[in-house]
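Have a look at the structure below, then the notes.
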Amino acid sequence: MRDTPTPMDPRGLPHVTPPAIRLFNTMTMQKELLQPAIPGEVGVYVCGPTVYSYIHIGNARTFTSFDVVVRYLRHRGLKVRYVRNFTDVDDKIIKAAAETGEAPVELAARYVEIFREDTRALHLLEPDFSPRVSDHLPEIIAIIQKLVDKGHAYASQGDVYFSVSSDEDYAKLSKRNLDELCVGERVQPGEQKREPLDFALWKAAKPGEPAWESPWGPGRPGWHIECSAMSAKYLGETFDIHGGALDLIFPHHENEIAQSESANGVTFARYWMHCGFLDLEGAKMSKSLGNVVRLRDALTKVDPEALRFFFLATHYRHPLSFSDKALADAETRMEYFYETLRKVDERISGKDFGKGPLHGDPQRFFTEFESAMDDDFNTAGGLGSLSGLFGMMNELTDKPPVKDKALVGRTLHALREDVRRVSSVLGLFEDAPDAWLLRRRERAVRERGIDVAEVERLLGERTAARAAKDFAAADRVRSELKEKGVEIMDTPAGTTWKVAPLQG
RNA sequence: GGCGCCAUAGCCAAGUGGUAAGGCAAAGGUCUGCAAAACCUUCAUUCCCCGGUUCGAAUCCGGGUGGCGCCUCCA
């Protein structure tokens, strides 16, 4: 409930480290101060994709949220070990493979590559470890054996089940009433469970299914056990942060806890982070409704960083609604940011303004940003402080309030450095401004069917007219282009153009 | 039925006990040959409703109303 007081050193000065990062722990349903098991180091495990299809924008939101968590922890000086698994052995993969005629491993490997392309396009960091189930059968079998030996699991006709009644802490994460759970559960035909709540650790292979040898006969792991096995291998039996989307709380994460803590006798993950769902303007996105939006399709219409901005503009635990309007807003905002950066870079790049004081208090924006991020990774709040930062850059560039050019230059330089730090945390502004702006214009040109050659020709006519002071003719060109959706901009460096925003 | 979340301006969205961030849209202004961009100003006496606690509540408590999620594979 209460924050740990800031530690004091013998001189009575507060320590600068560790940073006071607070995060909402699903286990306690409260924000807690992050105190890693090993000071200065954080182990993070995020449930990765089941590789049987393309990932959708909901997956993308989750992975972007944790991408920023990892980036921020690193920014704060913590040594992060980041693990995100691939579930490449699974019923859905077997089913998908049967439909395409591929071998399940082949199909899974193909979608691993597709996933990597998609996540790279979204500027997601590559985790330090991306373990696959198919590479960890020995570890998985070992932990199942341990559970059987300790009496927490039992074999039954080639299957192995976890005995939920053997774990008195079961459901502590999802806070469910076990009696209530029993009502909805049903023993499926062919399953050899003792009790309805028991879940499979190992599934005996049916003819033709991929199978690995085990003490219980040929088969494959159940869904939940892989995370228990692989997290322990890469992060240890106890580690700091385990993340995923809300729907994984039950049963997946609950079952991971049951498995790991029953097998190891120690606390599994110390902090549980879950991010909210994304919907389509209020409608649930689901395969049955056939309205799933693939990340890769979304990225043909929206800039990757604009999509990240859209995700990050809402708190990670809150629901988020995907819409054309919201995406357009995000792109408009990104264009503002990049226009500003282009101007600032033009002004300061390659110049040395010497050492000395700065104008005003330019550091305050980044301080605000960090305060917001310290408070449960409040990216939406942090993004708000960027308005002041970019506003000040524009002011200093376009109408500096002081004459001292070195002072202005130094201040701009400091602000630009803060943008770089924000960039490393949010994965925004990673492109060269000119390149980003040009790319956006090209996409708009394609979408609106604008004839670039004609635009350039008309622009030439207008430049000639302006040189001859024939402003009536110049304005005729301006309105003609405006009707085609092209906005002309006269700058000190010459005339450029952009695609005007659509009305309404 | 069980567990949990949410309700802030036309729209999006922070803030969770000290007197309403930010963005989009809109209006006016500065700048400009005219524009665009940028900058400035305006835009919620008020945070779904009703009670309560408090010197003080959008923030806490109780009761409504309206959305939503999970409880089965689901990010």
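The structure displayed is predicted, hence computed values, not measured ones. By convention in this document, chain letters (A, B, ...) are assigned in the order of the sequence lines, proteins followed by strands, and residues within each chain are numbered from 1.
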Distance check, [atom1] atoms only: [N] and [M], in whole angstrom units.
| N | M | atom1 | value |
| --- | --- | --- | --- |
| rA58(B) | rA20(B) | P | 9 Å |
| rC48(B) | rA9(B) | P | 8 Å |
| rU8(B) | rC47(B) | P | 12 Å |
| rU42(B) | rA25(B) | C1' | 14 Å |
| rU45(B) | rC39(B) | C1' | 29 Å |
| rU65(B) | rG29(B) | C1' | 44 Å |

With sugar-phosphate meaning primed atoms plus P, OP1 and OP2, does [X] contact a base, only sugar-phosphate, or nothing at under 4.0 Å between heavy atoms?
| X | answer |
| --- | --- |
| E487(A) | sugar-phosphate |
| R317(A) | nothing |
| L383(A) | nothing |
| K482(A) | nothing |
| R333(A) | sugar-phosphate |
| G282(A) | nothing |

Problem set entry | Criterion salt bridge (Lys or Arg N to Asp or Glu O under 4.0 Å) on R116(A) and E126(A), from CA distance to verdict | CA-CA 8 Å; R116(A) 289 219 156 102; E126(A) 186 68 20; 3.2 Å; yes

Just to confirm, is there a sub-4.0 Å distance from OP1 or OP2 of [N] to any side-chain nitrogen or oxygen of [X]?
| X | N | answer |
| --- | --- | --- |
| H252(A) | rC73(B) | no |
| K399(A) | rU32(B) | no |
| K287(A) | rA75(B) | yes |
| Y54(A) | rA75(B) | no |
| N394(A) | rC39(B) | yes |
| R176(A) | rC70(B) | no |

Indicate, yes or no, whether a donor-acceptor pair under 3.5 Å links the base of [N] to the side chain of [X].
| X | N | value |
| --- | --- | --- |
| D490(A) | rC34(B) | yes |
| H56(A) | rA75(B) | yes |
| R478(A) | rA35(B) | yes |

Problem set entry | Pi stacking test for F63(A) and rA75(B): under 5.5 Å apart, planes under 30° | no

Exercise. Distance under 6.0 Å and angle within 45° of the ring axis: does R421(A) meet both against F366(A)?
Worked result: yes

Exercise. How many Å lie between CG on L320(A) and C1' on rC11(B), as a whole number?
Worked result: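 Taking CG of L320(A) and C1' of rC11(B), I get 14 Å after rounding.
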
What's the closest nucleotide to the [X] side chain, out of [options]?
| X | options | value |
| --- | --- | --- |
| T314(A) | rA14(B), rA75(B), rA37(B) | rA14(B) |
| N177(A) | rC39(B), rC73(B), rG2(B) | rG2(B) |
| D475(A) | rA38(B), rG33(B), rA75(B) | rG33(B) |
| S387(A) | rG4(B), rG69(B), rG23(B) | rG23(B) |

For this session: Compute the centroid of each ring, for Y271(A) and then for H242(A), and state whether the two points are separated by less than 6.0 Å.
Result: no

Exercise. What is the ring orientation for F322(A) with F310(A), classed by angle as parallel under 30°, tilted 30 to 60°, or perpendicular over 60°?
Worked result: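 Geometry flag for F310(A) against F322(A): perpendicular rings.
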
Exercise. For F277(A) and H318(A), take the nucleotide of RNA chain B holding the closest heavy atom to each; which residue's nucleotide lies nearer the 5' end?
Worked result: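 Per heavy-atom nearest nucleotide, the more 5' residue is H318(A).
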
Exercise. Which comes earlier along RNA chain B counting from the 5' end, the contact point of Y316(A) or that of R61(A), where each point is its nearest nucleotide?
Worked result: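 Per heavy-atom nearest nucleotide, the more 5' residue is Y316(A).
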
Problem set entry | Chi angles and distances behind the side-chain hydrogen bond (donor to acceptor under 3.5 Å, both in side chains) call for D88(A), Y111(A) | CA-CA 9 Å; D88(A) 68 343; Y111(A) 279 113; over 6 Å; no

For this session: State whether the number of non-hydrogen atoms from other residues, nucleotides or ligands found under 6.0 Å of D324(A) atom CG is greater than 12.
Result: no

Exercise. Are E487(A) and P501(A) close enough that some pair of their side-chain heavy atoms sits under 4.5 Å apart?
Worked result: no

